[in-house]
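Down below is the structure, laid out as structure tokens.
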Amino acid sequence: MVGVPGRSKACVTCLKRKKRCDLEKPFCGTCRKARVECAGYFRPRIFINNTVEDNNSQQLVKKDRIQSSGGEVALPRELARTAYQTKYIDLFWRLYLPNGQPSPTLVQATAGGWVDAVQHLYISESVLRKTILALSVSGVGRQENDRFLREEGSKLYASSLKELTVALKDPRRGLSDAILTAVRLAGFYESVYGTNDSEARQARGWQTHSAGVIALLVMRTPYAFISGHAHRLFTDGRAHLIMSCLRGRKRCVLAEPQWKTIPWLQQEKSPRDHLMDIIAELSGIFENLDVMKTCDDPFEKERLKQQIIDGLLQMQQDLVTWQVVYAPDYEIPTKIPKEVSPQQVIGCHLMTSFWATVIVAVSNFQALWEPAQDIDPIFDLDICCGNIIRSFFIIIHPAMGIFRTHLTTYPMTVAIHYICEVGPQRLAEERRILADCLCDPAIAHVRQFINSMKDDMPLEFLN
């Protein structure tokens, strides 16, 4: 293959670090040994007009410049200029989407429904524009390790929150799809770029925004989410709202029958929708467990215990049904693949969420059932945990982008809990793989976010 004279074939990261690249693919050994994220070998050209008109003159304005993996990018002093907003948002999509490209199949089957909504809604709502711009600038800043851009992204985010507070007080504006999207993206910002000065504060910020989204949903009622962008935003966003309720160990309103039926009056449920219906029940079970533990009345305590056992048995049967009817064809990887396809990402997302739910349901059932030896296991939890951990080979792939955040937190949290519980004598190989994955820079923000959510579960045990 004839290359361009004078152009290095090294990966983007080695070029920036001025290191010799061994050209190994999908990402180079030099980056792997240095434990830095390899940005891959694809360097698309992005051309940005280098001049802007000042409001008072036609003079050229000097701008700060960065070197991005997509080429040289000019940063104007005023980020509000529309042309430059568009360029930074375009750069963000490259960093966010798997393989840097939109995939309708992937978006519809996983957690990308907001992508389509943003494209149509952000033009008409300033809060949403500012929120997506904050994500974009922060994303480029992190990718380029540019302190100035990270600070600008943080300032934009703070400004968007102030404007969001005002917008929510306007009944017509506050109940719009655009504001719902902005609140959701604010939660996403917290989970990916949240503050580093207090880990617990990061989780609280994410959970506060999740509670805000739930409040907006309740105010609009299930009938508001039957079709259009509203339906996609609802179905796409259920997962992180359910996870927020799981963390708070409080029953989730989305588990109520009307929220499981009405939004699909005109739509057919996807395999992911059916799985989310099952997972939504966990928050109520957690709440009942906490009530049972503090109950002083022995008869009421036994009644609650039996109710929880019945719920967990039903959940296991629902999971068996889902596996038979809806589980996708998914090959569990044994190493990092050279490329990741939309089908692999969809399979990884659905199956790791499934196995994580199996572990949670069955382990809680085993803890309540007496004697535990009498249980005829439906699932092998060691296998489920191992499957989750090996699926991280897909998640840490450089092509996954920031999108990997949607796939990682829930199954990784469950896998870490389980592997801690069984101890070092079991799943030794899986424990090693998990430790390597947790050290990968690609998921450093996920590791930080998991730590912020569960202070009594430090990840250092794997180091």
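For this chain, numbers begin at 1 and follow the sequence in order.
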Just how far is it from atom CD1 of Ile396 to atom CD1 of Ile336, taken to the nearest 0.5 Å? 4.0 Å

Counting N and O atoms only, with roles assigned by atom type, does the side chain of Ser283 sit under 3.5 Å from a partner on the main chain of Cys252, one being a donor and the other an acceptor? yes

Counting heavy atoms not belonging to Glu421, are there more than 12 under 6.0 Å from its CD? no

Run the side-chain contact (heavy atoms from CB on, under 4.5 Å) check on Leu168 and Leu216 step by step: do they pass? CA-CA 9 Å; Leu168 288 169; Leu216 290 174; 4.1 Å; yes

With rounding to the nearest 0.5 Å, note down the distance linking CG in Asp22 to SG in Cys14. 7.5 Å

Would you say Arg129's side chain and Ile123's backbone share a donor-acceptor pair under 3.5 angstrom? yes

Would you call Asp290 and Arg249 a salt bridge, taking side-chain N to carboxylate O under 4.0 Å as the test? yes

Quick one: does Ile395's side chain get under 4.5 Å of Ile443's, heavy atoms only? yes

Are side-chain heavy atoms of Gln207 and Ser244 found at a separation under 4.5 Å? yes

Evaluate ring pair (Phe, Tyr, Trp, His ring centres under 6.0 Å) for His349 paired with Tyr410, printing each intermediate quantity in order. CA-CA 10 Å; His349 172 54; Tyr410 173 53; 9.7 Å; no

Before accepting this row, confirm whether a basic side-chain N of the pair Lys260/Asp273 lies closer than 4.0 Å to the acidic partner's carboxylate O. no

Only one of His229, Arg232, Arg220 clears side chain to side chain donor-acceptor pair (under 3.5 Å) with Asp177; which? Arg220

Is it true that, when you exclude Lys269 itself, more than 12 heavy atoms of the residues, nucleotides or ligands shown sit nearer than 6.0 Å to its NZ? yes

Strictly below 4.0 Å, N to O, side chains only: are Asp436 and Arg431 in salt-bridge contact? no

What pair of heavy atoms forms the shortest contact from Gly212 to Val183, and how long is it? C-CG1, 4.4 Å

What's the shortest heavy-atom distance between Glu430 and Gly386, and which atoms? CG-CA, 3.7 Å

Any salt bridge between Arg94 and Asp90, counting N to O under 4.0 Å? no

Identify the heavy atoms of Arg150 and Ser138 that sit nearest to each other, and give their distance. O-OG, 4.4 Å

So, for Trp93 and Tyr88, is the gap between ring centers shorter than 6.0 Å? no

Decide ring pair (Phe, Tyr, Trp, His ring centres under 6.0 Å) for Tyr189 and Trp206; before the verdict, give the C-alpha distance in whole Å, the side-chain angles of both, and the deciding distance to 0.1 Å. CA-CA 8 Å; Tyr189 186 98; Trp206 167 75; over 10 Å; no

Check whether any side-chain N or O of His231 sits under 3.5 Å from a backbone N or O of Phe225 as a donor-acceptor pair, and report yes or no. yes

Got more than 12 heavy atoms from elsewhere within 6.0 Å of CD, Glu331? no

Under a 4.5 Å cut-off applied to non-hydrogen side-chain atoms, are Val118 and Leu185 in contact? yes

Have Lys130 and Ser159 got a donor and an acceptor in their side chains that come within less than 3.5 Å? yes

Close side-chain approach of Phe354 to Pro328, heavy-atom, < 4.5 Å: no

Does the pair Lys169/Glu163 count as a salt bridge with the N-to-O cut at 4.0 Å? no

Keeping the roles fixed (side chain from Ser154, backbone from Glu151), state whether a donor-acceptor pair exists under 3.5 Å. no

Residues Cys437 and Phe392: closest non-hydrogen pair is SG-CB, 3.7 Å

Rounded at 0.5 Å granularity, tell me how far CD in Glu281 sits from CD1 in Ile285. 7.0 Å

Stepwise, does the side-chain contact (heavy atoms from CB on, under 4.5 Å) test hold for Tyr193 with Ile402? CA-CA 11 Å; Tyr193 307 116; Ile402 303 171; 3.2 Å; yes

Please check this pair: side chain of His397 against backbone of Val340, looking for a donor-acceptor N/O pair closer than 3.5 Å. no

Candidate list Val358, Ile378, Ile278, Thr357, test side-chain contact (heavy atoms from CB on, under 4.5 Å), partner Gln316, passing option: Ile378

Is there a donor-acceptor contact under 3.5 Å linking the side chains of Thr321 and Asp318? no

Out of curiosity, Met292 CE to Ile308 CD1, how far, rounded to the nearest 0.5 Å? 5.0 Å

For Leu15 and Cys11, what are the C-alpha separation, side-chain angles and deciding distance, and is it a side-chain contact (heavy atoms from CB on, under 4.5 Å)? CA-CA 6 Å; Leu15 279 175; Cys11 73; over 6 Å; no

SG (Cys348) and CD1 (Ile388) are apart, to the nearest 0.5 Å, by 10.0 Å

Given side chains that start at C-beta, do those of Pro263 and Thr235 come closer than 4.5 Å, heavy atoms only? no

How are the rings of Phe188 and His406 set to each other: parallel, tilted or perpendicular (split at 30° and 60°)? parallel

Is Glu256 paired with Arg251 through a side-chain N to carboxylate O contact shorter than 4.0 Å? no

Compare every heavy atom of Thr30 with every heavy atom of Cys21, then report the nearest pair and how far apart it is. CA-OG1, 3.9 Å

Verify the distance criterion only: is there a donor paired with an acceptor across the side chains of Tyr330 and Gln344 at less than 3.5 Å? no

Stepwise side-chain contact (heavy atoms from CB on, under 4.5 Å) test for Leu381 and Gln366: CA-CA 11 Å; Leu381 300 192; Gln366 291 175 343; 4.1 Å; yes

So which atom in Leu407 and which in Thr352 form the shortest heavy-atom distance, rounded to 0.1 Å? O-OG1, 4.3 Å

State, yes or no, whether a side-chain contact exists between Arg142 and Leu95 at a heavy-atom distance under 4.5 Å. no

Are Phe379 and Leu319 packed together at the side-chain level, in the sense that at least one heavy-atom pair is separated by less than 4.5 angstrom? yes

Taking atom CG of Leu156 and atom CG of Leu161, what is their separation to the nearest 0.5 Å? 11.0 Å

Test applied, side-chain contact (heavy atoms from CB on, under 4.5 Å); reference residue, Pro222; option that passes from Phe234, Trp259, Trp264: Trp259

Do Trp322 and Leu350 have side chains that approach each other closer than 4.5 Å (heavy atoms only, starting at C-beta)? yes

